[in-house]
Asker: 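Pasting in a structure now, in structure tokens, and then I'll have a few things to ask.
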Amino acid sequence: MPPLPSGSVGPTGHTEHTGHTGQSHQRGSGHSGRSGGSGGFPGRGLAKGLAVTLRTMTRRSVTDQYPDAQPELPPRSRGVIALLEENCTVCMLCARECPDWCIYIDSHKETLPAAEPNARARTRNVLDRFAIDFSLCMYCGICIEVCPFDALFWSPEFEYAETDILELTHEREKLREWMWTVPPPPALDPAAEEPKEIAAARKAADKLAAADAAAEAAAAAAQESAGTTPPPGGEEPAP
Amino acid sequence: MTAALAASLSSQGHSFLSPTGVEIVFVLVGLAVLGAAVLTVSTSQLVHAALWLVVALGGLAIEYLLLTAEFIAWVQVLIYLGSVVVLVLFGLMLTRAPIGRSPDADSGNRWVALGLAVVAAGTLVTLVVDAFRCTWMDLPASGSTSVNGSTQANGEVLFRYWVLPFEALSVLLLAALVGAIVLSRRHREEG
Amino acid sequence: MHLAYPAVLAALLFCVGLYGVLARRNAVLMLMSVELMLNAVNLNLVAFDVWLRDTLHAGQALTLFTITIAAAEIGLGLAIVLMVFRTQGTADIDRLRELSEPPADGLPPGPTGAEAGPDDSDTASPASPASPASLTGSAQGKAGAV
Amino acid sequence: MTTALEALLRCVAVLVVFLTFPLVIGQTEHKVMAHMQGRLGPMYAGGFHGWAQLVADGVKFAQKEDIVPAGADRRIFQLAPAVALLPYLLVLIAIPVGPGGFVGQALDAGLFFVLAVMGIGVLGSLMAGWASANKFSLLGGVRSAAQLLAYELPMLLAAASVAMAAGTVSLTGILGAFHWWWVPWQIVGGFVFFTSGLAELQRPPFDMPVADSEIIFGAYTEYTGLRFALFLLSEYAGILVLCALTAVLFLGGWHGPLSADLGWLWTLLKTFALAFVVIWLRVTYPRLREDQLMRFAWTFLIPLALAQLALTGIVKVVIS
């Protein structure tokens with residue numbers, strides 16, 4: 001929303017109006033038009049109102065001619081929900097959390113042959129159908145919040161009107177296509193603290209480095225003290 | 001009868017049988033006025049009666065124009081069509097005039113009234129025709145500013161010779177205004 | 001123009017108005033008929049003024065006065081009619097009989113009194129659902145007091 | 001023959017003005033109102049800034065079904081738009097545009113004629129309100145009748161003040177007697193005339209008879225299609241007539257620099273400036289309440305008009 005000066009003037013003019021009619025109502029005098037305003041000459045409030053409208057007329061209007069000019073959407077617009085299929089593990093959290101049950105997921109299990117001769121064969125869920133009924137969806141965004149694997153995203157795309165309400169149930173191909181319209185996450189505020197993931201990774205790396213340094217120092221010390229075997233704790237435990 | 005009348009009048013300069021253009025228009029508008037008036041008093045749909053009254057009064061304004069009384073004609077339009085009929089319609093709506101016929105618009109003595117009206121009409125028309133059948137009035141050429149019905153002529157006469165009645169009239173209007181206000185006020189306090 | 005035309009038109013119009021005043025029962029319609037009669041008079045005044053070429057324009061001045069008075073009359077008349085309608089629930093002239101004289105033989109008029117005329121009682125009682133019973137009671141009281 | 005031809009020509013000219021100028025005012029209202037509210041208004045119809053929007057609206061209205069409600073009084077319901085519209089056409093005939101007979105028909109009692117005929121227009125909304133068989137329509141009709149009766153008086157008094165100053169009720173005569181200092185002299189009368197004219201046209205902020213928040217659209221609630229369009233047209237024709245009359249009576253009509261050649265331009269300019277003011281007032285002010293509306297007429301405008309009349313009389317006596 002561009003800053004609109006008239007928007008800040010309008011409410012004052014308006015409140016003056018209502019206060020003004022209230023005043024005339026109290027006094028029971030019908031010249032609501034003339035006497036009024038807060039002090040000054042009679043009809044000052046009326047003149048002010050005229051000035052406001054006239055000033056607004058001389059300013060550029062704020063209307064976007066939409067089909068001709070695309071609107072400039074704010075970065076976190078909730079247009080439509082896009083699906084990054086590759087990340088989906090069919091955990092069904094989104095479908096379960098959805099307040100109006102508008103997400104339909106079908107899947108089947110697939111058995112992967114064992115990677116190693118001794119291991120067991122692994123099973124894995126394969127997505128058959130992922131559909132969102134946008135005639136039911138209320139754009140609360142809970143599914144996006146709960147998705148543990150970052151498979152759902154807000155896309156700013158909003159021009160997906162259909163002529164039949166049944167066609168508003170969009171299948172995964174369409175949802176995958178919308179993925180291309182998802183903007184990259186906005187840059188962080190310079191003063192913001194680090195994202196949790198990066199902070200965790202950094203902490204892990206620091207620990208690793210510290211452990212490495214400690215191990216190295218220990219190894220050096222051991223070598224110096226003529227011990228040939230490294231200490232058993234030299235293997236770095238995963239954080 | 002008509003032939004005898006025409007024969008008796010043919011000696012005069014102006015015959016009923018060769019009417020002037022103004023006369024023809026006058027008679028046609030007069031017929032319209034009369035028809036509208038009859039509908040006004042005979043229709044059983046109340047609002048239609050008021051609207052027929054509009055036609056009748058508007059036709060009369062045209063008659064005044066034909067008689068070169070221009071000022072009167074516009075006053076007629078202003079007062080009658082603009083105010084009186086609006087008031088009447090207002091009154092009809094406030095007294096809940098229904099759409100469609102209201103069967104009790106006419107009272108039981110309508111046949112007596114009809115007879116009386118016909119007798120009166122017969123008498124009056126006979127009398128008037130008998131008295132004025134040879135009378136010819138010259139209408140001044142309209143368009144000139146000094147015709148007798150112009151605003152200027154009326155204004156001069158009104159404020160030069162008829163000032164006292166005029167003032168009396170203003171007092172009467174004031175009385176009517178006060179009366180109407182009192183009538184409607186007292187009711188509001190009661191109810 | 002022959003004077004007969006406006007004169008005859010005025011006479012006929014007056015009689016139409018006369019019929020309306022006598023035959024109508026709704027007060028507003030009666031007022032309208034009175035307007036017709038007044039207009040007939042106006043037409044006569046204007047026509048005779050034009051005929052006589054009156055230097056004082058008495059006819060036209062009087063027409064103006066008549067129109068003004070007609071406006072005042074309709075204003076007052078409607079105020080009265082509206083007030084009557086609000087208090088009595090009807091604008092029907094035939095039903096507004098509260099101030100009528102008691103019947104000639106001196107008996108107090110009751111609901112059974114056929115002296116007031118057969119058609120009054122049968123028009124008044126069924127056709128006035130809006131007028132409450134207290135109204136007729138007060139009417140009787142007034143008539144009795146008279 | 002030539003006079004008949006000329007009369008015909010004048011009538012056609014008046015008709016053309018009657019059919020086009022209200023559209024111009026309507027389009028101006030679309031645009032001015034939009035910009036005063038920070039919008040753009042119609043932009044597509046006709047290509048350039050939506051200039052043909054009202055033409056498109058007309059086509060739309062013509063396509064709509066003409067509905068008469070079942071319980072309505074058919075004949076009167078259908079007649080009402082014409083009754084509302086025709087008076088303004090008649091009034092336009094008498095309004096002088098430029099010097100030297102630049103008028104449809106110069107009338108001796110022009111001012112009288114104009115005010116008288118304008119008063120008939122309300123019959124249209126009364127008929128519409130009653131015949132629609134709809135309580136909102138009936139309320140709207142009754143309201144517009146009350147409003148007209150209340151505002152007719154100050155309007156006539158203000159007009160009488162000008163007639164008194166000029167010593168004539170002919171519109172061309174009034175313009176002939178005009179001097180520039182009449183504008184400050186009659187300014188109060190002009191204000192009263194314009195304001196009560198607005199109220200008679202039921203324009204905001206005096207639009208209680210069509211207050212959509214209370215009675216939907218007043219007397220016009222049941223109308224559709226072309227008949228509704230006629231009511232709208234009569235409103236805009238009314239604006240045109242009111243503005244032209246105010247310009248002629250109180251702002252000197254064709255008077256201005258180069259008035260001998262460009263008098264008509266001055267009249268049009270003043271008329272459209274006033275039409276702009278009409279739109280401006282509509283955008284700016286909220287609707288008055290019904291009782292405020294009546295009180296405004298009776299306790300403010302009428303005394304003001306009477307004071308103007310007295311002032312006019314005094315000045316007239318002093319300068320003569």
Side-chain angles (χ1 to χ4, degrees), chain B residues 22-23 26-27 30 34 37-38 40-41 46 49 53 57 60 63-64 67-69 72 75 79 83-84 87-88 91-92 94-95 104-108 110 113-114 116-117 120-121 124-125 128-129 132-133 135-137 139 148 153-154 157-158 161-162 165 169 172-173 176 179-180 183-184 187, chain C residues 1-9 11-20 22-26 28-29 31-33 35-36 39 43 46-47 49-51 53 56-57 60-61 63-65 67-72 74-76 78-83 85-87 91-94 119 127:
Chain B
V22 179
E23 277 176 328
F26 190 95
V27 168
L34 215 55
V38 168
T40 303
V41 297
L46 304 183
L53 185 69
L57 298 179
L60 271 177
E63 304 281 48
Y64 293 151
L67 288 170
T68 69
I72 301 286
V75 170
I79 304 291
S83 307
V84 167
L87 262 183
V88 166
L92 280 178
L94 287 184
T95 52
D104 55 348
D106 286 326
S107 71
R110 59 180 300 182
L114 188 61
L116 199 65
L124 278 177
V125 168
V128 161
V129 167
F132 300 117
R133 68 165 171 243
T135 314
W136 178 263
M137 55 181 174
L139 295 177
N148 56 6
N154 264 307
V157 165
L158 202 58
Y161 302 105
W162 299 97
L169 201 65
L172 181 132
L173 272 183
L183 273 178
S184 33
H187 172 74
Chain C
M1 190 196 294
H2 283 282
L3 185 55
Y5 288 126
V8 168
L9 178 60
L12 288 177
L13 209 56
F14 186 85
C15 292
V16 171
L18 184 68
Y19 166 77
L22 292 178
R24 289 301 201 176
R25 232 156 59 160
N26 188 307
V28 184
L29 290 180
L31 282 175
M32 282 159 54
S33 306
E35 294 301 320
L36 276 180
N39 268 282
L43 182 62
V46 169
D49 179 271
V50 173
W51 172 47
R53 301 189 159 247
L56 288 189
H57 283 312
Q60 296 199 13
T63 308
L64 282 180
F65 293 167
I67 291 178
T68 320
I69 290 173
I74 201 91
L76 268 183
L78 278 176
I80 293 172
V81 170
L82 283 184
M83 210 178 83
F85 181 80
R86 281 178 192 158
T87 53
D92 192 336
I93 300 283
D94 287 358
D119 76 329

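Keep in mind that the numbers below use all heavy atoms, side chains included, and drop hydrogens, waters and symmetry copies. Reminder, nothing fancy here: chain letters follow the sequence lines and each chain counts from 1.
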Asker: Enter the distance from B/Leu57:CG to C/Asn39:CG here, rounded to the nearest 0.5 Å.
Answerer: 5.0 Å
Asker: Between B/Ser83 and chain C, with a heavy-atom cut-off of 4.5 Å, which part of the residue counts as in contact: side chain, backbone, both or neither?
Answerer: neither
Asker: Return the minimal non-hydrogen interatomic distance between B/Ala176 and C/Leu76, and the atom names on each side.
Answerer: O-CD2, 3.7 Å
Asker: Which heavy atom of C/Ala71 sits nearest to which heavy atom of B/Val84, and what is that distance?
Answerer: CA-CG2, 4.1 Å
Asker: Provide the closest heavy-atom pair for B/Val41 versus C/Ser33 in the form atom of the first, atom of the second, distance.
Answerer: CG1-OG, 3.8 Å
Asker: How about C/Leu64 and B/Trp162: do any of their side-chain heavy atoms sit closer than 4.5 Å?
Answerer: no
Asker: Measure the shortest side-chain to side-chain distance between B/Leu46 and C/Val28 over non-hydrogen atoms and say whether it is less than 4.5 angstrom.
Answerer: no
Asker: Tell me, please, which residues at least two apart from C/Ile80 pass side chain to side chain contact (heavy atoms under 4.5 Å, CB included).
Answerer: B/Leu183, C/Val84
Asker: Would you name the heavy atoms of B/Leu173 and C/Ala72 that are closest together and state the gap between them?
Answerer: CD2-CB, 3.8 Å
Asker: On the 0 to 90° scale, with breaks at 30° and 60°, tag the B/Phe132-C/Trp51 ring pair as parallel, tilted or perpendicular.
Answerer: perpendicular
Asker: Heavy-atom cut-off 4.5 Å, strictly under: side chain, backbone, both or neither for B/Leu94 against chain C?
Answerer: both
Asker: Would C/Leu43 and B/Leu67 satisfy side-chain contact (heavy atoms from CB on, under 4.5 Å), going step by step from the backbone distance to the final call?
Answerer: CA-CA 9 Å; C/Leu43 182 62; B/Leu67 288 170; 4.0 Å; yes
Asker: If you compare all heavy atoms of C/Ala61 against all heavy atoms of B/Leu158, which two are closest, and at what distance to 0.1 Å?
Answerer: CB-CD1, 4.0 Å
Asker: Below 4.5 Å, heavy-atom pairs only: which of C/Leu31, C/Ile67, C/Leu18 has the largest tally toward chain B?
Answerer: C/Ile67
Asker: Can you tell which part of B/Val88 gets under 4.5 Å to a heavy atom of chain C, answering side chain, backbone, both or neither?
Answerer: both
Asker: Could you look at C/Phe65 and say if it's the side chain, the backbone, both or neither that has a heavy atom under 4.5 Å from chain B?
Answerer: both
Asker: Find the distance between CG (B/Leu114) and OH (C/Tyr19) and round it off to the nearest 0.5 Å.
Answerer: 5.5 Å
Asker: Output all residues satisfying side chain to side chain contact (heavy atoms under 4.5 Å, CB included) with B/Leu87, sequence neighbours left out; order by chain, then residue number.
Answerer: C/Ile74, C/Leu78, D/Leu149
Asker: Once rounded to the nearest 0.5 Å, what's the spacing between atom CG of C/Leu13 and atom CG of B/Leu34?
Answerer: 6.5 Å
Asker: Using 0.5 Å steps for rounding, measure from the OG1 atom of B/Thr40 to the CD atom of C/Glu35.
Answerer: 11.5 Å
Asker: At what distance, to the nearest 0.5 angstrom, does OG1 of B/Thr68 lie from CD of C/Gln60?
Answerer: 7.0 Å
Asker: Any idea which heavy atoms bring B/Ala120 and C/Cys15 closest together, and the distance?
Answerer: C-SG, 3.6 Å
Asker: Can you tell me which portion of B/Val38 sits under 4.5 Å from chain C's heavy atoms? Options are side chain, backbone, both or neither.
Answerer: both
Asker: From B/Leu60 CG over to C/Leu9 CG, what is the distance, rounded to the nearest 0.5 angstrom?
Answerer: 6.5 Å
